[in-house]
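The sequence lines fix the lettering, A, B, ..., with proteins before strands; numbering per chain opens at 1.
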Amino acid sequence: MERVPAVEGLFSEKDGKAELIGSRCTTCKTAYFPKAAICHNPKCDKSEIEEHRFGGRGKLWSYSVQNFPPPPPHKFDAPYKIYALGVVDLADSGLRLMGQMQVENFDEIKIGGTVELVVDALYHENDKEFTSWKFKPVA
Amino acid sequence: MQEVQVIGVGLHAFGKTGDKVVGNKSVTELCRTAVDAALKDAGVSWRDIQAVSAASSRFSGGKGWGLNGNDVVEEMGSTGVPVYNLSAGCAAGGNAFNIGYTLVASGQHDIVLVVGGEVMPKGFIQTSGVEEVTDPEFLRQRCVGMPGPSFWSLLARRRMFEYGTTEEQFAKVAVKARKCSVHNPYARFQSEITVEDVLKSPYVSDPLRLFEICPVSNGAAAVVLCSKERAKKFSGKAVTVAASTVATMQFDDGLPRGLASVIPSGATLHSEAKGAVTKAFERAGVGPRDVSLTELQDNTVYYELAFPEEWELCKPGEAESLVEKGETLPTGKMPINPSGGFVSFGEATTAMGVFQVCELTWQLRGESGGRQVPNAKIGLGQTLGLGGNATAVILKK
Ligand SMILES: [Zn+2]
């Protein structure tokens with residue numbers, strides 16, 4: 001089955017690992033995802049934006065569980081399966097990022113724990129698998 | 001600047017489409033009831049109103065353009081008055097109040113009506129429906145799937161991690177809210193519940209349960225503002241607007257908005273709310289500990305714990321014990337949401353900032369019956385809306 005991103009141009013996939021396509025201001029080091037054309041930091045004197053890829057590992061700041069099917073524009077496969085989502089701090093780049101968790105069991109999720117950015121299926125439609133980045137706890 | 005007073009307030013009781021309270025009334029009908037009540041309370045006639053500041057709804061009325069103030073003026077009788085329609089997500093009612101206040105304080109007008117009303121669609125609040133990849137809200141919902149409750153439970157879960165808050169303690173906040181609601185004839189829910197009831201209600205987003213999250217409601221609120229000079233001629237029950245402020249978020253705020261934000265250097269989460277409240281304290285010349293009661297935006301019980309700490313009404317990590325000791329009840333030393341709050345009313349989004357002013361006014365007049373805060377002198381109200389909008393208001397006797 002063809003595997004395509006749920007939204008084009010936001011991330012790329014290599015061996016199941018996610019690389020988010022964002023940007024970064026070289027003057028004030030602010031990280032942006034999705035990418036920003038200009039730096040939005042009011043304390044920054046000179047906007048110098050370069051493309052930047054985010055990936056690898058981060059630390060889980062918090063998480064929640066989506067007990068009920070969310071409304072559109074979210075899409076999911078039927079029957080609905082409860083998922084967890086997390087907020088992850090990528091300390092090296094200063095980015096705080098949202099995403100779904102990729103876990104078998106919610107007990108695997110620990111605040112402060114290390115997670116890895118992966119790409120995983122979000123839903124299936126028209127014989128295609130639509131993907132997004134997710135966070136996978138690292139044991 | 002001239003001193004501004006609240007001389008009249010009115011609400012349409014809150015309910016759910018199809019119930020006995022709101023039935024199938026349109027937003028304009030709900031607003032009419034609230035406006036009539038506020039005018040009567042103030043002792044003024046519709047013809048005395050010199051300008052209208054209204055909250056814009058994206059859900060109901062307003063000719064599809066958020067022109068809800070124009071609907072109200074047509075309903076009441078077109079007198080040619082200026083109308084301001086304000087949009088600020090869930091902070092719109094607070095924004096409308098601020099503009100109404102400014103119109104009087106600046107001396108442009110002496111008597112201004114502030115109004116907000118809502119007929120809400122069922123279920124979770126959805127995004128605009130526009131599938132546009134430049135819209136961060138669309139990206140967040142498509143790629144992650146994070147409706148409001150799930151966003152709130154991220155914060156609740158973080159608090160459990162930081163302070164050891166238990167699910168039972170979250171439940172106790174809902175129990176307190178509903179204890180107050182019993183004495184509020186305008187609340188959608190007016191019955192007491194127990195900790196067991198709350199813990200038996202299903203998770204909407206673990207760790208937050210159905211009874212700990214405000215549903216959407218239909219309702220309306222109206223306030224008549226007047227210069228101190230003119231107010232002498234009307235109601236003898238005026239309370240003073242000591243401050244009305246608006247703020248937006250700071251760049252380094254760490255609240256997860258959109259797909260990503262920056263990791264903040266400090267504990268900053270709701271910088272717009274903190275900004276509005278702090279500015280209100282400064283302008284009113286009062287400190288957080290001087291406040292007799294607070295009406296804050298409790299979309300979920302989490303906020304009743306977090307906000308008082310963020311605004312220094314109490315110490316960080318202290319809120320749970322204050323709830324457990326009954327100190328957030330109307331008779332406690334830090335009364336929070338004696339109205340019953342959003343948890344008891346449900347959220348009629350754009351009405352809420354105006355609704356809070358109604359409750360603060362009744363409290364300061366000593367007219368709140370069984371939910372009255374004894375000897376209430378200074379009341380604080382606060383809203384928070386999509387887009388990083390927030391407002392605060394301080395009323396004093
Ligand atoms: Zn910069």
> How far apart are the closest heavy atoms of A:Leu122 and B:Arg142, and which atoms are they?
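In terms of heavy atoms, the two residues are closest at CD2-O, 3.2 Å.
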
> Looking at A:Phe54, A:Tyr63, A:Phe130, A:Phe106, which makes the most heavy-atom pairs under 4.5 Å with chain B?
A:Tyr63

> Between B:Pro256 and A:Val87, which heavy-atom pair has the shortest distance, and what is it?
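The answer is CG-CG2, 3.8 Å.
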
> Heavy atoms, side chains only, cut-off 4.5 Å: are B:Val204 and A:Asn67 in contact?
no

> Identify the heavy atoms of A:Leu95 and B:Ala260 that sit nearest to each other, and give their distance.
CD1-CB, 3.8 Å

> Please report the closest heavy-atom contact between A:His74 and B:Gly145, naming both atoms and the distance.
ND1-CA, 3.3 Å

> At a 4.5 Å cut-off on heavy atoms, which part of A:Leu90 comes close to chain B: side chain, backbone, both, or neither?
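For A:Leu90, the contact with chain B is made by the backbone alone.
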
> So how far is it from B:Gln141 CD to A:Lys75 NZ, rounded to the nearest 0.5 Å?
14.0 Å

> Heavy-atom count around A:Asp15 CG within 6.0 Å, excluding the residue itself: above 12?
no

> Above 12 or not: heavy atoms from other molecules or residues under 6.0 Å from CD1 of A:Ile82?
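Enclosed: over 12 neighbouring heavy atoms sit under 6.0 Å from CD1 of A:Ile82.
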
> Using non-hydrogen atoms only, which part of B:Val133 is less than 4.5 Å away from chain A: side chain, backbone, both, or neither?
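Just the side chain, heavy atoms under 4.5 Å.
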
> So which atom in B:Gly254 and which in A:Arg96 form the shortest heavy-atom distance, rounded to 0.1 Å?
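Of all heavy-atom pairs spanning B:Gly254 and A:Arg96, the closest is O-NH1, 2.8 Å.
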
> Hey, what do you get for CZ (B:Phe251) to NE2 (A:His40), rounding to the nearest 0.5 Å?
8.0 Å

> Residues in salt bridge (Lys or Arg N to Asp or Glu O under 4.0 Å) with A:Arg24, at least two apart?
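Expected list: A:Glu50.
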
> Report, as yes or no, whether the 6.0 Å neighbourhood of atom NZ on A:Lys59 holds more than 12 heavy atoms from other residues, nucleotides or ligands.
no

> Could you measure the distance from the OG atom of A:Ser93 to the CD1 atom of B:Ile263? Nearest 0.5 Å is fine.
6.5 Å

> Relative to chain B, which segment of A:Leu97 carries a heavy atom at a distance below 4.5 Å: side chain, backbone, both, or neither?
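Answer is both: backbone and side chain atoms of A:Leu97 are under 4.5 Å from chain B.
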
> Is A:Tyr123 in contact with chain B via its backbone, its side chain, both, or neither, using a 4.5 Å heavy-atom distance?
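Interface part for A:Tyr123: side chain.
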
> For B:Ser150 and A:Gln66, what are the C-alpha separation, side-chain angles and deciding distance, and is it a side-chain contact (heavy atoms from CB on, under 4.5 Å)?
CA-CA 6 Å; B:Ser150 196; A:Gln66 186 55 46; 3.0 Å; yes

> Is there any side chain to side chain donor-acceptor pair (under 3.5 Å) pair reaching into residues 130-139 of chain A, and which pairs are they, with sequence neighbours excluded?
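The answer is A:Asp120-A:Lys134.
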
> I would like to know whether B:Leu139 and A:Leu10 meet side-chain contact (heavy atoms from CB on, under 4.5 Å); could you show each step before the answer?
CA-CA 10 Å; B:Leu139 291 179; A:Leu10 276 182; 4.0 Å; yes

> At a heavy-atom separation under 4.5 Å, does A:Tyr32 approach chain B through its side chain, its backbone, both, or neither?
side chain

> Starting from the C-alpha separation in whole Å, work towards a yes-or-no answer on side-chain contact (heavy atoms from CB on, under 4.5 Å) for A:Trp61 and B:Arg158.
CA-CA 7 Å; A:Trp61 181 78; B:Arg158 179 70 196 181; 3.5 Å; yes

> For the atom pair CG (B:Leu154) and CG (A:Leu85), what is the distance rounded to the nearest 0.5 Å?
5.5 Å

> Side chain, backbone, both or neither: which part of A:Tyr83 has a heavy atom under 4.5 Å from chain B?
side chain

> Give me the atom names and distance for the closest heavy-atom approach of A:Val7 to B:Cys143.
CG2-SG, 3.8 Å

> Within a strict 4.5 Å, meaning less than it, do heavy atoms of the A:Pro34 and B:Leu259 side chains meet?
yes

> Return the CZ to OG distance between B:Phe151 and A:Ser62, rounded to the nearest 0.5 Å.
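So the CZ of B:Phe151 and the OG of A:Ser62 are separated by 11.0 Å.
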
> Test A:Thr30 against B:Val262 for side-chain contact (heavy atoms from CB on, under 4.5 Å), laying out the working first.
CA-CA 7 Å; A:Thr30 300; B:Val262 295; 4.0 Å; yes

> Non-hydrogen atoms of chain A under 4.5 Å away: do they reach the side chain of B:Arg209, the backbone, both or neither?
neither

